[in-house]
Every structure is written in C-alpha cells, then in structure tokens.
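Since the structure comes first, as structure tokens, the remarks are kept for the end.
Order of the sequence lines fixes the chain letters, A, B, ..., with proteins taken first and strands second; residue numbering starts at 1 for each chain.
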Amino acid sequence: MAAKGGGAPPTYSPSPSSFKKSRPSIFTDVDWVRPDGRDFHQCRPAFLRTGAVNAASGSAYAEFGNTKVIVSIFGPRESKKAMMYSDTGRLNCNVSYTTFATPVRGQASENKELSSQLHKSLEGAIILDTFPKTTVDVFALVLESGGCDLPVVISCASLALADAGIMMYDLVAAVSVSCLGKNLVIDPVSEEENYQDGSLMITCLPSRNEVTQLTITGEWSTPKIHEAMELCLDACSKLGKIMRSCLKESTSTS
Amino acid sequence: MVGLSIGEKHFIQGGIAQDLRTDGRNRLTYRPIIVESGVIAQANGSARVKMGRTEVIASVKAELGKPSSSAPDRGKVFIFIDCSPTAAPEFERRGGEELSTELSAALRQCLLGGKSGAGAGINLSSLSIVDGKVCWDLYIDGLVISMDGNILDALGAAIKAALSNTGIPKVNVASAAPSDEQPEVDVSDEEFLLFDTTAVPVIVTLTKVGRHYIVDATSEEESQMSSAVSISINRQGLICGLTKRGGAGLDPSVIFDMISVAKHVSEQLMNKLDSEIAAAEAMEEES
C-alpha cells in the first residue's frame, strides 16, 4: 500500500460528485484550478508508515502532499506525582511546529489550540480504563505545513497509538473541507486555506460511523453542511481502509 | 465541581427524558437572561450578562494599530477569555488556562468567520482607517465571574451586547502625508460611531444527556452530558460556526438533528437578546 519513492502512491478519492461541473466558478471571472491539479473532491495521495521513531512506544509518519507530520507515543507511563489519583488513564497531547515548517520562518512553538483539539479528537476513541493511574503522551511534530495540518496530525496520531498497542474503539480518521465561493474543495492546500470562505473539519471513527469532533468556521447553510459532511465521511472511510492496510503491512514485514 | 449521588444522577437524566428538568424548565427553555450594558466606563463598550447563576462580563477596547501585511485593508480583532478564581478555586493562576483557551478559540471561530472574511460577525473592513498603515485593533475581553453551566452562550450574548454598546471614536486623518510615512491621525474625544451588530451571531449550546438534547444546561446537568455541540447562528439562519465538546462519538444523523433544533431555538434567543440589549441601552441612557 505505501509507496517507497518510486511508484505512484495509491490515492483515496471520494466518489466525484456529478454536479460539481455545473457549479459556477468561485470568482466570477476566474475558474479555480487546484495548484496540484486535483479534482475538487479528490484528496491528496496518502503516505503512511509506522515505526518511524525507535525510542518511542509507538510512532507514525504521514505525508499528505506537502504536509509532513511525525507523531510519537510514549506510555503508558507513570503520571506525575503532583496529579491526583485517577482510575482511568490520562491522555496528554502536544502539537508543535518546526521552525522551517511554514514558508515564513517561525518560532518552534507548541500550538496550544491544536493540542487541545487533538486531545478532544482522540479521547473519544481510546479506552482509557485499560491504563489507570498512568499517562499516555502523544507528541506530534509538523515537519512541513502544506495545508490541512490538524486532520493529518489526528490521523497520524491514531495510527501511532495503534502501533503502540494502546487499546482503542476504532481508528480515528480526519478530513477537512474548504468552502471557496460556491465550491466545496476537499483536503485543501495552504493556498486554498488562505482564500477559504469557511471550513469544516470532521474526525470520525470509520467503522462505527461516529463523529468524535466537528468544527465549522465561516458561513454555511444547512444543505451545504449536509453535503460537506457526506463528502468528508466518505473520505474518512476510505482513509480508514488505507490506515488499516498500512498497519497490516507493518505487522507482516516485522 | 459538584459531586452527585447516583440517585441525583438518575433524577436528572430521568427528568430530562420526561421534558421536566430539576428547575422546572422544559428541555429547550433558557433561564431568565439579564443584560446590563455600559458597566465599564473606561472601555469603548461593555456588558454584563447573567443567565441564572452564570455571570460573565465582556468589554471591548479599541486601539490604533497597524494592519498585518497579509490583510492591509482590514482591522484586527483579538478575543481573550479569562476565567477568574472567583468562579471556581481551581482557576487560580494557570488552572483556568485550558478552559480559557478553549472558549477563546470557539468564540474566535464564531465571530471572525472564514479566512477570506466571509461570514464574519464583525466586519473587519469597517475597522480600517488608512489602508496598510493605520487600523483599529479591537480587543474583546471576556471575564467569567460565576459558573453555573453554559458559559459559551453567556459569553456570546455578552460580546454581542458589548459590541452593541461600543462606540468607536471618529478619526480625522491628516491628508497631506507622504506615502511612506505614518499618517497623522487625530482621534476625536467627542464623536463616536456605533458599531454595526446586525451580523453578530448568537451561540446555542445543545447538551446531549441520554437520548435527548437540552439547551442552557446547569453545571449539574453538564456533568451528566455525553457530548455537547455549540452552534453559532446568525440572523439569516446561516451557521457561522460549530464546535463539538465531549469525547463521546455522535452519529451524523444526530448532528443534523441538533443543527435543526439549534436553528429553531436560536430565533427565539436572538429576539430575546435583542430586546434585552435594547432595554439595557435605554436604561443606561436614562442614568
């Protein structure tokens, strides 16, 4: 499933919607052509690999186009002595960017907002009772930010958790959709994200068909939300299948 | 955090299932909302909102600033929420940081719209004074004084009321400024322009307890929730933002149902808030 340099990586492409061709262009006189030549409803090819970091209990590396993320899991390990006793496990998430991740060099800072969103997405999927009194640390590092960062971080983190052997109800797949004028564009790149009129991000458990997190910004009418959600759920189920095959392959080769 | 016995938990869940909550309300009824505006004299606009025992204060200050290079024709808005230790002892120092970040992020999402500015509750272009050089920086600060559930809705209402109360001073720009120098700007002390708040949305939080949704949950009811969805809806019935809280997963059909219920509830809430804000402004002018 995952390519190594040479051959074309498999794409997960949600079923192209037939009415996208009859939609008017987003700017009245310019037709939006995606910078990488994809269809509006086509996601970037996904490259996923587990076992990227030897020292960690589990780890995964994900590359979706230009967005490159590496996630390490440490744990379950002893909670800090200052924390109260708890008979369910604790999850500690941390998302940080490298200084060279963005086009303009930035501070290598931890992003508190993304960390808390990652936490909310994962806590619904992990069976916390299986590791009481301990903490599982999820450290995500965005090596290059090419758009759609948080969904890639979430998917990669759940793959890493599976690699670490943490018990979960299901893998977590995340996809986001950008609204550019009247068009819905799935898996936007950073250029499209800068022009977007609104965005919708879904995190779901594909086999259980449950949504663990949903974030909408911008102005949306209800039918548009329905359409965007169906698009995303379809893409999430395909991404779930790719994640599963990546895990199977890593166990069969090791 | 209030500790509940098993009997109390069953009582709350059973009551909600039968459309009769512990304080006698129906599932989709709000607590009485009290709005006072102009509570902080030094701010450009301020408001205090009480929903039952939840009390928040929002203040708006406008300062002159330089627009960012990526958006030279727009002003900037900064939203910060602070949870005061008077609300709960665990908020002392860094304890309230997590909740504050979550609330600030949710409010920023709801009020500032997409990156291109579409669907924003606050029109950022109206805050620009001189393109690329001078703009208004709006600092919206929320303070949580007392917590009894449903803080996000209360903060949304307080910010809406504070913005209605906000007066941006009139600015005279010295026209004879060379293009590469900072233009001289004269801020008037007397004349004010009222902010346009017709596009500011309201936030409705639907808390799912068992199989039913309630609106305006108290902190006891929130402790029993499986998940909560906060939806921000503007006057045209369009959704300006949505966040889901709580770890439990939700079926997509449940989310669609919540969205339609929220739209229905938001109309009443919007009308109620508008009348309360108008009454508060009238009272402020009298005093």
Indicate yes or no: at least one non-hydrogen side-chain atom of Ile255(B) is less than 4.5 angstrom from one of Val211(A). yes

With a 4.5 angstrom heavy-atom cut-off, is it the side chain or the backbone of Leu214(A) that approaches chain B, or both, or neither? both

Go through the steps to decide whether Leu250(B) and Glu210(A) satisfy the test side chain to side chain contact (heavy atoms under 4.5 Å, CB included), and finish with yes or no. CA-CA 5 Å; Leu250(B) 284 178; Glu210(A) 265 180 27; over 6 Å; no

Measuring from atom CD of Glu219(A) to atom OG of Ser232(B), what distance do you get when rounded to the nearest 0.5 angstrom? 9.5 Å

Do Lys244(B) and Thr215(A) pair up side chain to side chain, a donor and an acceptor below 3.5 Å, judged on atom types alone? no

So that I can tick it off, tell me whether Lys112(A) and Glu98(B) are bridged by a salt bridge, with the cut-off set at under 4.0 angstrom between side-chain N and carboxylate O. no

Rounded to the nearest 0.5 Å, what's the gap from CH2 on Trp220(A) to CD1 on Ile259(B)? Could you check? 10.5 Å

Contacting moiety of Ile126(A), where chain B heavy atoms sit under 4.5 Å: neither

Measuring heavy-atom distances to chain B, does Ser199(A) have an atom under 4.5 Å in its side chain, in its backbone, in both, or in neither? neither

Gap separating the OG atom of Ser227(B) from the CD atom of Gln213(A), nearest 0.5 angstrom: 12.0 Å

Residue pair Asn209(A) / Pro252(B): nearest heavy atoms and the distance that separates them: O-CD, 3.4 Å

Using 0.5 Å steps for rounding, measure from the CD atom of Gln117(A) to the OG1 atom of Thr243(B). 9.0 Å

Tell me, for Thr217(A) versus chain B, whether the close heavy atoms (under 4.5 Å) come from the side chain, the backbone, both or neither. both

Greatest number of heavy atom pairs closer than 4.5 Å to chain B - which of Arg208(A), Glu230(A), Glu113(A), His226(A): His226(A)

Minimum heavy-atom separation for Thr222(A) to Lys263(B), with atom names? OG1-NZ, 2.6 Å

What's the spacing between Lys224(A) NZ and Leu238(B) CG if we round to 0.5 Å? 9.0 Å

Inter-residue atom distance Ile231(B).CD1 - Ile216(A).CD1, 0.5 Å rounding: 8.0 Å

